[in-house]
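Note sheet for the following structure.
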Amino acid sequence: MIVDINPQNFQAALIDASMKKPIVIYFHAPQMPECQAMTPQVEALVGPANPQVTLAKVDMNDPQLQPLAAQLGLRALPALVLFHQGRPDEQAILEGPQDEATLRGYFAAFAPKEEEMLLEQGQQALADGQTSVAYGHFGKAHQLAPDRHDISLWLTQAALDLNLLDKAQELLGKIPMIAQDDHYQTLVSRLALAQQAADSPELRALEARHQQEPDNFALAQELAVQYSQAGRQEEALALLFTILKRDLAFGDAKKTYLDILTTMGSNPAAQGYRRKLYSLLY
C-alpha cells in the first residue's frame with residue numbers, strides 16, 4: 001500500500017496505522033533529481049497492494065511536515081525510515097540516494113513469505129471446494145514453516161475433509177497447549193466423531209466376514225472401499241494391494257487404489273504404496 005502523508009491524515013495514516021503493521025516513511029522532494037530517480041524504484045518495490053508494509057510518502061516541500069524529518073535527525077534526501085508501533089526504528093534508516101540492490105535488501109524483510117502465500121491459496125481453495133488442492137498448498141506451507149501452528153491446523157482441517165484421519169491425528173498431537181485455540185478444539189471434535197464412524201458395527205461385521213473368507217476378493221474390495229470412506233486409507237491400500245498382487249485386473253481394485261492415492265496427495269505412506277503398484281505394473 002502506498003499513501004501520501006499530509007497534515008490531515010498524519011495521525012491516522014502514519015501513527016495509528018503503524019500500530020497494526022510496519023510503515024516505511026519515504027521523505028522526498030519531487031524537484032530533486034536524486035528523488036526523481038529513486039521514487040519509482042521505491043514504489044515498485046513496495047507495490048500498491050502489499051499487505052506486509054505501507055509506504056508513507058512525505059513531501060518535504062510541505063512546511064507542516066518538515067518538523068518530522070527534523071525530529072528524526074535526517075540530514076539528507078531522499079530518506080527511508082521504518083516506523084512501527086508508533087515509533088521509528090533507528091536501525092532501519094537510509095539517508096541519501098541508494099542503489100537498487102540496497103533498496104531491494106531494505107524491502108526484502110517486507111516481502112510476502114512463501115508459506116504465507118501458500119496459506120492464503122489453500123484457504124481460497126478450501127472456500128472454492130477444491131480440498132485436494134488446498135491440502136497440497138497447506139502441505140507445502142507446513143514443510144516451509146513446520147513451527148507455524150496456524151498452518152498445521154489448516155492442514156489438519158483439509159486432512160479431515162479428505163478423511164485422512166491418521167494424518168489429522170498426527171498433526172493435532174503436535175499442537176502445544178498454548179496454541180490450542182477454538183480452531184484446534186473444533187478439529188479435535190471433528191476427529192473424534194470421524195474416528196467413531198471409522199469403527200462402526202457395520203464395518204466390524206464386514207471385517208469379521210473377511211476374516212472368514214480371506215480369498216473372497218469381492219468382499220476384500222468392498223472392505224477396502226469402506227476403510228477408505230472411514231478415513232482408514234492405509235488399511236484400504238494394504239487390502240487392495242493384496243488383491244492386485246494376485247490379480248492385477250480384478251474388478252475396480254486398481255482404480256480404487258489409484259483414487260485413494262490421489263486423495264492422499266504427498267503423504268509419505270501414499271508414496272510408498274505408489275511405488276508398490278509400480279513394481280507390479282513394470
Quick check on the hydrophobic clustering: are Ile93 and Val42 connected, directly or via other members, by side-chain heavy-atom contacts under 4.5 Å?
no
Is there side-chain contact between Gln233 and Asn163, with heavy atoms separated by less than 4.5 Å?
yes
Does the cation-pi check pass for Lys254 over Tyr257, that is, NZ or CZ under 6.0 Å from the six-membered ring centre and within 45° of its axis?
no
Hydrophobic cluster membership, with links at side-chain heavy-atom distances under 4.5 Å among I/L/V/M/F/W/Y: are Leu172 and Leu193 in one?
no
Salt-bridged, Arg148 to Glu116, with N to O below 4.0 Å?
yes
Strictly distance-based, threshold 3.5 Å: is any side-chain N or O of Ser279 a donor or acceptor partner for the main-chain N or O of Lys276?
yes
Cationic N near anionic O, under 4.0 Å, Arg232 to Asp166
no
Compare all side-chain heavy atoms of Leu45 with those of Tyr106 and state whether any distance is below 4.5 angstrom.
no
Minimum heavy-atom distance between Leu155 and Gly139, given as atom pair plus value:
CD1-N, 3.7 Å
Interatomic distance, Gln157 atom CD to Thr131 atom OG1 [nearest 0.5 angstrom]:
9.5 Å
Between CD1 on residue Ile175 and OG on residue Ser152, distance to nearest 0.5 Å:
4.5 Å
Taking the side chain as C-beta and beyond, is there a heavy-atom pair between Asp59 and Ile5 under 4.5 Å?
no
With rounding to the nearest 0.5 angstrom, report the CG to CG distance, Asp4 to Asn9.
8.5 Å
Is there a side-chain contact between Leu237 and Tyr227 (heavy atoms, below 4.5 Å)?
no
One should read off an interatomic distance between Lys140 NZ and Glu114 CD, to the nearest 0.5 angstrom, of 8.5 Å
Quick test of your reading: applying ring pair (Phe, Tyr, Trp, His ring centres under 6.0 Å), list the pairs with at least one residue in residues 174-218, sequence neighbours left out, ordered by first then second residue.
Trp154-His183, Phe217-Phe250
Tell me, with the steps shown, if Ile260 and Leu240 meet side chain to side chain contact (heavy atoms under 4.5 Å, CB included).
CA-CA 10 Å; Ile260 294 172; Leu240 290 168; 3.9 Å; yes
Could you tell me whether the side chain of Gln98 and the main chain of Gly96 form a donor-acceptor pair under 3.5 Å?
yes
Return the OG1 to CG distance between Thr156 and Leu165, rounded to the nearest 0.5 Å.
11.5 Å
Between Leu55 and Val3, is the side chain to side chain contact (heavy atoms under 4.5 Å, CB included) condition met? List the steps.
CA-CA 6 Å; Leu55 181 70; Val3 60; over 6 Å; no
Any side-chain heavy-atom pair from Leu281 and Leu248 closer than 4.5 angstrom?
yes
Do the side chain of Gln130 and the main chain of Gly122 share a donor and acceptor less than 3.5 angstrom apart?
no
Using a 4.5 Å cut-off on heavy atoms from C-beta on, say whether the side chain of Leu119 contacts that of His137.
no
Do side-chain atoms of Gln36 reach the backbone of Pro30 as a donor and acceptor pair under 3.5 angstrom?
yes
Would you check, one step at a time, whether the test side chain to side chain contact (heavy atoms under 4.5 Å, CB included) holds for Gln195 with Gln169?
CA-CA 10 Å; Gln195 288 175 328; Gln169 185 168 17; 3.1 Å; yes
Treat each ILVMFWY residue as a node, draw an edge where side-chain heavy atoms are under 4.5 Å apart, and state whether Leu118 and Tyr135 are in one component.
no
Just do the side chain to side chain contact (heavy atoms under 4.5 Å, CB included) check on Glu43 and Ile2 with the steps written out, would you?
CA-CA 7 Å; Glu43 292 179 339; Ile2 301 174; 3.9 Å; yes
Between Thr256 and Asp259: side-chain donor-acceptor atoms closer than 3.5 Å
no
More than 12 heavy atoms of other groups within 6.0 Å of Asp182 CG:
no
Say whether Gln226 and Glu202, considering side chains only, have a donor N or O and an acceptor N or O under 3.5 Å apart.
no
Should Leu94 and Val81 be counted in the same cluster of Ile, Leu, Val, Met, Phe, Trp and Tyr side chains packed under 4.5 Å apart?
no
Closest contact, heavy atoms only, Tyr273 versus Ala238:
OH-CB, 3.4 Å
Can you check whether Ala76's main-chain N or O pairs, donor with acceptor, with Glu95's side chain at less than 3.5 Å?
yes
CG of Asp150 to NE2 of His142, rounded to nearest 0.5 Å, is 11.5 Å
Is the shortest side-chain heavy-atom distance between Gln211 and Glu207 below 4.5 Å?
no
Looking at Ala253, is its backbone amide N or carbonyl O close enough to the side chain of Gln221 to form a donor-acceptor pair, meaning the two atoms are under 3.5 Å apart?
yes
Heavy atoms only: give me the nearest Leu68-Phe10 pair and the separation to one decimal.
CD2-CE1, 3.7 Å
Name all pairs fulfilling the ring pair (Phe, Tyr, Trp, His ring centres under 6.0 Å) condition that reach into residues 61-102, sequence neighbours left out, sorted by first residue then second.
none
Within 6.0 Å of CD1 in Ile178, more than 12 heavy atoms from elsewhere:
no
Verify same cluster id: Val225, Leu219 (apolar side-chain graph, 4.5 Å)
no
Backbone N or O of Thr102 within a donor-acceptor pair of the Asp99 side chain at under 3.5 Å?
yes
So, for Pro7 and Asp62, which heavy atoms are closest and what is the spacing to 0.1 Å?
CD-OD2, 3.5 Å
No-hydrogen, no-angle side-chain donor-acceptor test under 3.5 Å, Gln31 and Asn61
yes
Do Leu187 and Leu153 touch side chain to side chain, with heavy atoms closer than 4.5 Å?
yes
Check Arg190 with Asp161, please: is the shortest side-chain N to carboxylate O separation under 4.0 Å?
yes
Between Pro63 and Pro67, the two heavy atoms sitting closest are O-CD, 3.4 Å
Within a reach of under 6.0 Å around NZ of Lys57, are more than 12 heavy atoms found that belong to other residues, nucleotides or ligands?
yes
Throw together a table of side-chain donor-acceptor distances under 3.5 angstrom for residues 16-26, partners on residues two or more places apart or in other chains.
{"from": "Asp16", "atom 1": "OD1", "to": "Gln11", "atom 2": "NE2", "distance (Å)": "3.0"}
{"from": "Ser18", "atom 1": "OG", "to": "Leu14", "atom 2": "O", "distance (Å)": "3.4"}
{"from": "Ser18", "atom 1": "OG", "to": "Ile15", "atom 2": "O", "distance (Å)": "2.8"}
{"from": "Ser18", "atom 1": "OG", "to": "Gly86", "atom 2": "N", "distance (Å)": "2.8"}
{"from": "Lys21", "atom 1": "NZ", "to": "Thr54", "atom 2": "OG1", "distance (Å)": "3.4"}
{"from": "Tyr26", "atom 1": "OH", "to": "Thr39", "atom 2": "N", "distance (Å)": "3.4"}
{"from": "Tyr26", "atom 1": "OH", "to": "Thr39", "atom 2": "OG1", "distance (Å)": "2.8"}

Locate the shortest heavy-atom distance separating Pro78 from Pro97; write the atom from each residue and the value.
CD-N, 4.0 Å
Does CZ belonging to Arg204 count more than 12 external heavy atoms closer than 6.0 Å?
yes
Looking only at side-chain N and O atoms, does Gln124 offer a donor or acceptor that is under 3.5 Å from a partner on Asp128?
yes
